[in-house]
S.K.: 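Here it is: the structure, laid out below.
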Amino acid sequence: MTTSTTPARPEGPLADIAHLRHTAAHVLAYAVQDLFPDAKPTIGPAIENGFYYDFDRTEPFTTEDLETLAARMREIVKADYPMTGRRVSREEAIEAFRDNPYKIEIAREIPEGDPITLYTIGGFTDLCRGGHADSTGAIGALELESVAGAYWRGKSENPMLQRIYGTAFVTQQELDDYHAFLEEAAKRDHRKLGAELDLYHVDEMAGGGLIFWHPRGAIMRGLVEAFIRDGLRERGYLPVVTPHIVHENLYATSGHLENFGDSMFGPIEVEGQRFRLKPMNCPGHILIYANEGRSYRDLPLRYSEFGTVYRFELSGTLHGLTRVRGFTQDDAHLFCTPEQLQAEFEQTVDEALRLMEAFGFSEFEYFLSTRAERGATDEIAEAAIRNALESHNLPYQIDDGGGAFYGPKLDINLRDAIGRKWQLGTVQVDFVLPERFELKYRGSDGQDHRPVMIHRALAGSLERFFGVLIEHYGGNFPAWLAPTQAMVVPISEHQLDYAYEIRGRLRARGFRIDTDASNEKLGYKIRHWKTQKLPYILVVGKSELADGTVNVNERGIDEKRTVSVDAFAEELAARIAAKR
RNA sequence: GCUGGCGUAGCUUAGCGGUAAAGCACCUCGUUGGUAACGAGGAGACCGUGGGUUCAAUCCCCACCGCCAGCUCCA
């Protein structure tokens, strides 16, 4: 269950499957040319799980159109047209596509000296740099998936094109596997499980992107918070709590208004003063730092807060728990001397790994995002990040210009149980905000110095992290996280008092236990609690009552065991301690 | 925000120009059952909201709201 195949990451050479899918995109464009001659093809690349092709056409493509197109595509595949390329001059290319401004634009922009090539299958020729299968017959299985709007070149001021998504594989078996993967992903969808397991909801009356945590979800969130808090305490972080709404001035000083005003909720005016919902916790933590004089002897100073922030996200982008308008970060800001920067940064990376491993994640990717306009301090900050990664032997990729407005950052991505990537934690080095707020500390030399800040959120947003956990575990939460760890189920009402007694004994030991007092047959109750994915169901009938035992029905295990209540308590305690 | 699709009971869905049907969940009664659905009965829907067309709208048209898939954005 937790180790299904991941067609998203084929074992074979990635380039081959990309070539195949790119060829499939040509086949799609060929079919569109035949069936919808008014549509102008633009671009059609291979993507992670398939391909797409963007067309300019007034009439939208319908679901029926997709079926017709797919049928035509299969004919083209069957005909096994060879893919032939030829190099042409820029003028020839422009002439060949004189009715297609998009292709002309591409042809014009190809750098001088680079080859300009046309590729042909059967009766369809496309301007394309190449990278194809030898012939259309190489496509063993294909299908069209959906239509969506997409801006030409991804710019919202450009005309909107119609993008047709599809996928293609060498064999039908691979396509079947891909479907199985999608089905598995759908089963794990946190929006579906969130409702089924009664964890949270989003309410139309309250607005999109705002999460209502139900008791079961809130219990889990509390456990996650407690785990994180324990780690922070051990590492010398100090808790702080800051307001959700403050004078706009604070964000003017920090630069957030100027840099991210579009993503902030608008001002709230009272008594002629403008307030803003907080979009980030850092300015608040800075005020605490700046509230008194600091000495180098105080540093590093590490302030942590489960800080709830509000950011305006476009309605169309909201998505369950993973893309919201109000969320709580496991945030912390470290104020340190430049000499301490390296060690502090490394320490946050250690903590990130401890966190992710506790939740059963084992595959990580690291992205170093640099700042577009780099100054001398950015060099120092980048070096600190690189050194931290290299000293931990962590390979990383570089995202040029993807950094925060105040400095470069390290993003930690992970893969879940079925191989999907998620972006969670981030650690950022900041020389800018200390400058803007004129932060200082008295050095051993008696002079004032500027501290460096590290911003870090390891789970990121608790909402998002919770969404990822739901999908990662598929709702089968380990006992230490499960909102209800065991349900005591009497076979008949003659054992109900005994069931309550067991519940009381286990609750007294701190476990999260309930009793099913419903008037249903055993099979019904078992089924019900299985679908609720409880780690343990404790069945008690005549013989258990007589012996003072419980019959343990453990999630994922067919064999049942009859053990004493104390033995079960020991087992559960051990499992919780091991975070299983 | 943009493109397309979709909004019927708590959930999943059927239906259709004449104010609605089923399964699950829920409640009641019977039943006291040994590991993934016991039986019977009951209650539950202004068919997303507002306009329009029509003798008549859940159904057709328009707008808005929400959801879904993308795009864009993502400190």
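Within every chain, numbering begins at 1; the chains are lettered A, B, ... in the order of the sequence lines, protein sequences first and strands thereafter.
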S.K.: May I ask you to say what A:Arg57 touches in the nucleic acid, namely base, sugar-phosphate or nothing, with a heavy-atom cut-off under 4.0 Å?
M.R.: nothing
S.K.: Whole angstroms only, please: what is the OH-C1' distance between A:Tyr165 and B:U3?
M.R.: 12 Å
S.K.: Under a 3.5 Å cut-off for both contacts, is B:C59 paired Watson-Crick or G-U wobble with anything, and if yes, with which nucleotide?
M.R.: none
S.K.: Say we look at B:U54 and B:A22: how far apart would their C1' atoms be, to the nearest angstrom?
M.R.: 31 Å
S.K.: Nearest-nucleotide wise, let me know which of A:Asp558 and A:Ser263 is further upstream toward the 5' end of RNA chain B.
M.R.: A:Asp558
S.K.: Would you call A:Glu365 and A:Arg415 a salt bridge, taking side-chain N to carboxylate O under 4.0 Å as the test?
M.R.: yes
S.K.: What is the distance, rounded to the nearest whole Å, between atom CG of A:Asp54 and atom C1' of B:U3?
M.R.: 12 Å
S.K.: Figure out the CD1/C1' separation between A:Ile557 and B:U35, and round it to whole Å.
M.R.: 15 Å
S.K.: With both distances kept under 3.5 Å, what pairs with B:G34, Watson-Crick or G-U wobble?
M.R.: none
S.K.: Under a 3.5 Å cut-off for both distances, is B:U53 Watson-Crick or wobble paired, and to whom?
M.R.: none
S.K.: Can you measure A:Asp516 atom CG to B:A37 atom P for me and round it to whole angstrom units?
M.R.: 15 Å
S.K.: Out of B:G33, B:G34, B:A75, which has the shortest distance to the side chain of A:Met264?
M.R.: B:A75
S.K.: So does A:Arg188 pair up with A:Glu184, basic N to acidic O under 4.0 Å?
M.R.: yes
S.K.: At 4.0 Å (heavy atoms only), tell me whether A:Gly541 reaches a base, stays on the sugar-phosphate, or touches nothing.
M.R.: base
S.K.: Starting at atom NE2 of A:His494, determine the distance to atom P of B:U32, rounded to an integer number of angstrom.
M.R.: 8 Å
S.K.: Look at the side chain of A:Arg527 and decide which nucleotide, out of B:C68, B:A36, B:G1, has an atom nearest to it.
M.R.: B:A36
S.K.: Side chain of A:Met160 only, heavy atoms from C-beta on: which candidate in B:U32, B:G70, B:A75 is closest?
M.R.: B:G70
S.K.: If you draw a 6.0 Å radius around CD in A:Glu438, do more than 12 non-hydrogen atoms from other residues or ligands fall strictly inside?
M.R.: no
S.K.: Between B:U32, B:A36, B:C71, which nucleotide has the shortest distance from any of its atoms to the side chain of A:Arg163?
M.R.: B:C71
S.K.: Determine whether A:Thr308 and A:Thr328 satisfy the following criterion, side chain to side chain donor-acceptor pair (under 3.5 Å), listing intermediate values before the conclusion.
M.R.: CA-CA 4 Å; A:Thr308 303; A:Thr328 301; 2.8 Å; yes
S.K.: When you check the phosphate oxygens OP1 and OP2 of B:G1, does a side-chain N or O of A:Ser315 lie under 4.0 Å from one of them?
M.R.: yes
S.K.: When the C1' atoms of B:A9 and B:C47 are compared, how many Å lie between them, rounded to an integer?
M.R.: 10 Å
S.K.: Between A:Lys278 and A:Glu305 (salt bridge meaning N to carboxylate O under 4.0 Å), is one present in this structure?
M.R.: yes
S.K.: Report the base-pairing partner of B:G17 (Watson-Crick or G-U wobble, both distances below 3.5 angstrom), or none.
M.R.: none
S.K.: Would you indicate what A:Tyr524 reaches in the nucleic acid, counting non-hydrogen atoms under 4.0 angstrom: base, sugar-phosphate, or nothing?
M.R.: sugar-phosphate
S.K.: Rounded to the Å, how far apart are A:His319 NE2 and B:G66 C1'?
M.R.: 16 Å
S.K.: Check the orientation of A:Trp213 and A:Phe466. Use parallel for under 30°, tilted for 30 to 60°, and perpendicular for over 60°.
M.R.: parallel
S.K.: Can you measure A:Glu520 atom CD to B:A37 atom C1' for me and round it to whole angstrom units?
M.R.: 9 Å
S.K.: Using centres under 5.5 Å plus planes under 30 degrees as the test, is A:Phe260 stacked with B:A75?
M.R.: yes
S.K.: Looking for any heavy atom pair under 4.0 Å, which part of the strands does A:Val539 touch: base, sugar-phosphate only, or nothing?
M.R.: base
S.K.: From the options B:A75, B:C73, B:G33, select the nucleotide whose nearest atom is closest to the side chain of A:Asn519.
M.R.: B:G33
S.K.: Nearest whole angstrom, please: distance from the P of B:G4 to the CZ of A:Phe55.
M.R.: 17 Å
S.K.: Which of the following nucleotides, B:C2, B:G34, B:A69, is nearest to the side chain of A:Lys542?
M.R.: B:G34
S.K.: If you find the nucleotide of RNA chain B closest to A:Phe61 and the one closest to A:Gln428, which residue's nucleotide is nearer the 5' end?
M.R.: A:Phe61
S.K.: Would you state whether a donor and an acceptor, one from the side chain of A:Gln162 and one from the base of B:G70, lie under 3.5 Å apart?
M.R.: no
S.K.: Would A:Arg276 count as a cation-pi partner of A:Tyr251, with NZ or CZ less than 6.0 Å from the six-membered ring centre and within 45° of the ring normal?
M.R.: no
S.K.: One thing to verify: whether A:Arg436 and A:Glu258 come together as a salt bridge, which I'm taking to mean a side-chain N less than 4.0 angstrom from a carboxylate O.
M.R.: yes
S.K.: Roughly how far apart, to the nearest Å, are B:C59 and B:G44 at atom C1'?
M.R.: 23 Å
S.K.: Is A:Asn553 touching bases, backbone alone, or none of the nucleic acid, heavy atoms closer than 4.0 Å?
M.R.: base
S.K.: With C1' as the reference atom in both, quote the distance from B:G50 to B:U13 in angstrom, rounded to an integer.
M.R.: 27 Å
S.K.: With rounding to the closest Å, how many angstrom separate the P atoms on B:G23 and B:G42?
M.R.: 12 Å
S.K.: For A:Asp262, report the nucleic acid contact type (base, sugar-phosphate, nothing); a contact means any heavy atom under 4.0 Å.
M.R.: nothing
S.K.: Mind checking the C1' distance from B:G48 to B:U8? Whole angstroms is fine.
M.R.: 10 Å
S.K.: Contact class for A:Glu544 vs. all strands (heavy atom < 4.0 Å): base, sugar-phosphate, or nothing?
M.R.: base
S.K.: Could you tell me which nucleotide pairs with B:C74 by Watson-Crick or G-U wobble geometry, both distances under 3.5 Å, or answer none if nothing does?
M.R.: none
S.K.: Between B:G34, B:U72, B:U32, spot the one nearest the side chain of A:Tyr151, thanks.
M.R.: B:U72
S.K.: Across all strands shown, which nucleotide pairs with B:A25 by Watson-Crick or G-U wobble geometry, both distances under 3.5 Å?
M.R.: none
S.K.: Could a donor-acceptor pair under 3.5 angstrom be found where the side chain of A:Arg323 meets the base of B:C73?
M.R.: yes
S.K.: Using both distances under 3.5 Å as the test, list the Watson-Crick or G-U wobble partner of B:C67, or none.
M.R.: B:G5
S.K.: Is the shortest side-chain N/O distance from A:Arg464 to OP1 or OP2 of B:C74 below 4.0 Å?
M.R.: no
S.K.: Say you pick atom C1' in B:U72 and the same atom in B:C16; how far apart are they, in whole Å?
M.R.: 39 Å
S.K.: Between the side chains of A:Lys525 and A:Glu520, is the shortest nitrogen-to-carboxylate-oxygen separation below 4.0 Å, so that they form an ion pair?
M.R.: no
S.K.: Distance check, P atoms only: B:G7 and B:A14, in whole angstrom units.
M.R.: 8 Å
